[in-house]
Amino acid sequence: MSDQQLKRNQLGVASIVFFVVAAAAPLLGMTGAAPMAMVLGTGAGVPGSYLLVGLTLLLFSVGYCAMSRRVTNSGAFFAYIGSGLGLPVGLGAAMVSVLAYAAIQLAIYGFWGGLLAMQWGVLPWWGWAGLAWCLVTILSMRQVEVGARLLGVLLLMEMACLLVTAVAILLHGGPEGLSWAAAFAPQNVLSGGLSGSAGVSLAFALASFIGFEATAIYGEESTDPKTTVPRATYWAVALITVFFALTSFAIVTGLGASQVVDEVVKRSTVNGQALADPAAVLLSLANEFVGPWMASAMALLVITSLFAGLLAFQNSAARYLFALSRGGALPVSLSQVNRQGAPVNASAWVSVLTALVMVAFAVSGLDPIVQLFAWCSGVAVVAILMIEVLVSLGVWAYFRRSQEKVGAWVSTMAPLASAVLLSLGLYLLLSRFGL
């Protein structure tokens, strides 16, 4: 194996799905983003927002997967955008991708540290974040399959809890029964218009999917990139969509469609401040419909879900630095791999970067959740969505110049449609950046 070659034939479809679904953190999304979207957005119509965003990202996946069959590179966005829109745009997109993945990792470090400091004390937030930083750094320098196995265990436990709770609520029916129309009817999903409550719900839903797009990053390490990456992409988008839509629908059912906003506010209020504890909404439902043990398990799995996201985004950022180095855009030392086939130097630099930023926040006395989490997550979500728009345009441009015979759906219709819809999503995020 070359010193600049990631170890091949390590990851199958399931392993890649574990990485990217773990990055999307379904349990964190349902305990954090979903309750806020219900109060600030369309209320009972939020499940339909997740479904609508999932369908949009499936449309994006058509062109994305078509490129993954033709270009295999650990800096997927860099390679795909560069192939269609030119090397300068591809390099710029790669730098933005590194920024995005480092930023979302910093956001999770802040949330992890702040959450554990509030719940368990003992250490300040930066102490808890430092412990996670050490574990993530060590695991990211091991054989990638080691991290995939760990994420697989954590993710299966997380999804099992969500599925059991959702099924228990739906079988019971809640105070008003199953309100399919309230959750998925277009007039409810889009109530208030894109400039109003519907736009807020869609913005939160878009933010919740961040991480799914990393499937192609692991192409070089997969068993068969031309088939493994497309299958993993479709599986990841489908799983995230189903779990987000199903669980949020269960929350609406458990609270009652007509009173969902009032119930979310009541259950999440702490010391008179609404939405101060959005996780209490799902945890209270788990306690009510399944049992106290499920609420306790979910509270613990929120923490492991955060750790899974840290490891997934560490791997993503490191592989982009590796790809840029191997392509000559960064110092060659970042393209070195160790005996386990991991990009050890690139991963070390990601860790150094995140450590420096956390130290700066700690020394400045800034809050890990109000500042570090909020600022960095906002930057990351906007950056990733902007890159996805460029990928869609890059796919269209690539096939427009290519002599290869490809159907209009793959080469033109799906990429351009996804570019338009994702651009609309980018506008929704930017216009509501204060949230």
Side-chain angles (χ1 to χ4, degrees), residues 10-34 50 54 57 61 101 104-105 107-109 111-112 115 132 135-136 138-140 142-167 205 207-218 221-223 228-229 231-248 250 279 282-283 286 290 293-319 384:
Q10 294 190 88
L11 302 175
V13 173
S15 296
I16 297 176
V17 169
F18 288 152
F19 271 115
V20 298
V21 177
L27 183 56
L28 186 61
M30 289 299 99
T31 54
Y50 285 111
L57 295 177
S61 299
Y101 288 129
I104 195 64
Q105 194 182 20
I108 299 173
Y109 273 125
F111 199 89
W112 162 283
L115 182 64
L135 288 172
V136 167
I138 293 169
L139 286 171
S140 68
R142 297 287 304 279
Q143 187 174 336
V144 70
E145 181 60 22
V146 174
R149 287 196 294 267
L150 174 61
L151 291 181
V153 172
L154 297 177
L155 184 62
L156 289 174
M157 293 169 62
E158 181 180 336
M159 297 179 78
C161 285
L162 285 174
L163 185 60
V164 169
T165 302
V167 170
S208 298
F209 277 81
I210 296 303
F212 92 92
E213 73 293 327
T215 50
I217 292 173
Y218 300 99
E221 298 160 279
S222 66
T223 52
T228 301
V229 170
R231 289 175 183 172
T233 302
Y234 286 122
W235 269 109
V237 176
L239 279 174
I240 296 170
T241 302
V242 168
F243 268 87
F244 281 171
L246 179 68
T247 307
S248 58
L282 182 57
L283 296 184
V290 182
W293 65 271
M294 179 60 80
S296 299
M298 280 190 173
L300 179 60
L301 286 170
V302 166
I303 296 172
T304 63
S305 177
L306 288 168
F307 181 80
L310 287 172
L311 182 56
F313 286 117
Q314 171 90 1
N315 283 327
S316 297
R319 278 154 181 77
I384 288 295

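Please read these numbers as outputs of a predicted model, since none were measured by experiment.
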Check residues 298-314 and write down every donor-acceptor pair under 3.5 Å in which the side-chain atom is one partner and the other belongs to a residue at least two apart or another chain.
from, atom 1, to, atom 2, distance (Å)
T304, OG1, L301, O, 3.0
S305, OG, E158, OE1, 3.4
S305, OG, E158, OE2, 3.3
Q314, OE1, Q105, NE2, 2.7
Q314, NE2, S347, O, 3.1
Q314, NE2, S347, OG, 3.1
Q314, NE2, S351, OG, 3.0

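Note that CG of L154 and CG of L27 are 11.5 Å apart. Values are rounded to the nearest 0.5 Å.
Side chains of L282 and L162 form a contact here, defined as non-hydrogen atoms less than 4.5 Å apart. Contact check for R319 versus Y101: no side-chain heavy atoms found under the 4.5 Å cut-off. With contacts defined as side-chain heavy-atom distances shorter than 4.5 Å, the pair N315/L139 does not qualify.
Nearest heavy atoms, V237 versus S61: CG2-OG, 3.7 Å. Looking at every heavy atom in both residues, T228 comes nearest to V13 through CG2-N, 3.7 Å. Nearest heavy atom pair, residue A24 against residue I240, reads CB-CD1, 3.7 Å. Counting all heavy atoms, side chain and backbone alike, A232 lies closest to I16 at CB-CG2, 3.7 Å. Summarising the geometry of C161 relative to A297, their closest heavy-atom pair is SG-CB, 4.3 Å, with the distance given to 0.1 Å.
Note: F244 and Y50 have tilted aromatic rings, judged against thresholds of 30 and 60 degrees for the angle between ring planes.
For Y109, there are no side-chain hydrogen bond (donor to acceptor under 3.5 Å, both in side chains) partners, not counting sequence neighbours. Checked against ring-ring contact (aromatic ring centres under 6.0 Å, His included), F243 has no partners two or more places apart in sequence or in another chain.
Side-chain atoms of T31 come within 3.5 Å of backbone N or O of L28 as a donor-acceptor pair.
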